[in-house]
Amino acid sequence: MYDFLIIGCGFAGAVLAERLANEGKKILIVDKRNHIAGNAYDYYNKEGILIHKYGPHIFHTNSEDVFKYLSKFTKWRPYEHRVWEVLTVNWSRFRSI
């Protein structure tokens, strides 16, 4: 017998399951895929290369609490995004179709 049934184990389902389990609840997770992590799922192939099955994902947060919480479950790869130039377009040169 389970206390909670969680459908889907992407970010939201995984966090909910972890929080409830830490409160001593018995959880059943059902997902249509054969893995957890939703679209953020990745794995190492036989050559040892990290593959992002659904494309690369960049996680953004300004919350130190969120960063600390997620750091319990993952290693972070340093990444810094910078915009080098702003393109100004004169839209009057284009006409609608």
Side-chain angles (χ1 to χ4, degrees):
M1 184 67 134
Y2 297 97
D3 297 310
F4 290 90
L5 168 65
I6 297 176
I7 307 298
C9 198
F11 278 137
V15 169
L16 181 60
E18 187 271 340
R19 292 289 176 103
L20 291 169
N22 281 341
E23 292 179 4
K25 304 299 182 186
K26 191 168 181 183
I27 311 300
L28 175 63
I29 299 171
V30 177
D31 198 296
K32 67 180 176 181
R33 295 176 175 164
N34 65 351
H35 58 75
I36 63 170
N39 287 340
Y41 173 73
D42 57 18
Y43 65 95
Y44 288 95
N45 69 8
K46 63 183 177 182
E47 289 81 22
I49 298 170
L50 183 62
I51 304 295
H52 302 283
K53 185 169 183 166
Y54 304 102
H57 286 77
I58 300 170
F59 180 78
H60 304 272
T61 185
N62 291 327
S63 170
E64 186 66 26
D65 290 339
V66 170
F67 183 80
K68 284 180 184 177
Y69 174 75
L70 292 176
S71 294
K72 295 189 301 185
F73 310 105
T74 188
K75 294 179 184 176
W76 297 102
R77 294 177 180 263
Y79 176 81
E80 184 175 324
H81 179 78
R82 290 187 181 185
V83 177
W84 290 95
E85 187 172 326
V86 176
L87 177 64
T88 303
V89 176
N90 181 355
W91 290 106
S92 65
R93 294 181 54 207
F94 299 92
R95 61 185 184 129
S96 297
I97 296 177

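These numbers were taken from a predicted model, which means no experiment stands behind them. This chain uses plain numbering: 1 for the first residue, then up along the sequence. Values reported hereafter were calculated over all heavy atoms of this structure, with side chains retained and with hydrogens, waters and symmetry mates removed.
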Taking everything shown except [X] itself, do over 12 heavy atoms lie less than 6.0 Å from its [atom1]?
| X | atom1 | value |
| --- | --- | --- |
| K32 | NZ | no |
| Y41 | OH | yes |
| E47 | CD | yes |

message: To the closest 0.5 Å, what do you measure between OH (Y44) and CD1 (I49)?
response: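 So the OH of Y44 and the CD1 of I49 are separated by 11.0 Å.
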
Just so I know, are the side chains of [X] and [Y] near enough to count as touching, which here means a heavy-atom distance under 4.5 Å?
| X | Y | result |
| --- | --- | --- |
| D3 | E23 | no |
| E18 | F73 | yes |
| V66 | F59 | yes |
| D31 | I36 | no |
| N90 | T88 | no |

message: Show, in sequence, the C-alpha distance, side-chain angles and deciding distance for F4 and L16, and conclude whether the side chain to side chain contact (heavy atoms under 4.5 Å, CB included) test is met.
response: CA-CA 10 Å; F4 290 90; L16 181 60; over 6 Å; no

- request: Indicate, with yes or no, if F67 and L70 share a hydrophobic cluster defined by side-chain heavy-atom contacts under 4.5 Å among Ile, Leu, Val, Met, Phe, Trp and Tyr.
  value: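 Yes, L70 connects to F67 through the hydrophobic network.
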
task: Examine Y2 and V30 and state if one hydrophobic cluster contains both, with Ile, Leu, Val, Met, Phe, Trp and Tyr joined whenever side-chain heavy atoms are less than 4.5 Å apart.
output: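 Yes, because Y2 and V30 connect within a single hydrophobic cluster, where side-chain heavy atoms sit under 4.5 Å apart.
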
- prompt: Taking the side chain from N39 and the backbone from Y54, do they hold a donor-acceptor pair closer than 3.5 Å?
  reply: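 Side chain of N39 to backbone of Y54, a donor-acceptor pair under 3.5 Å: no, none is there.
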
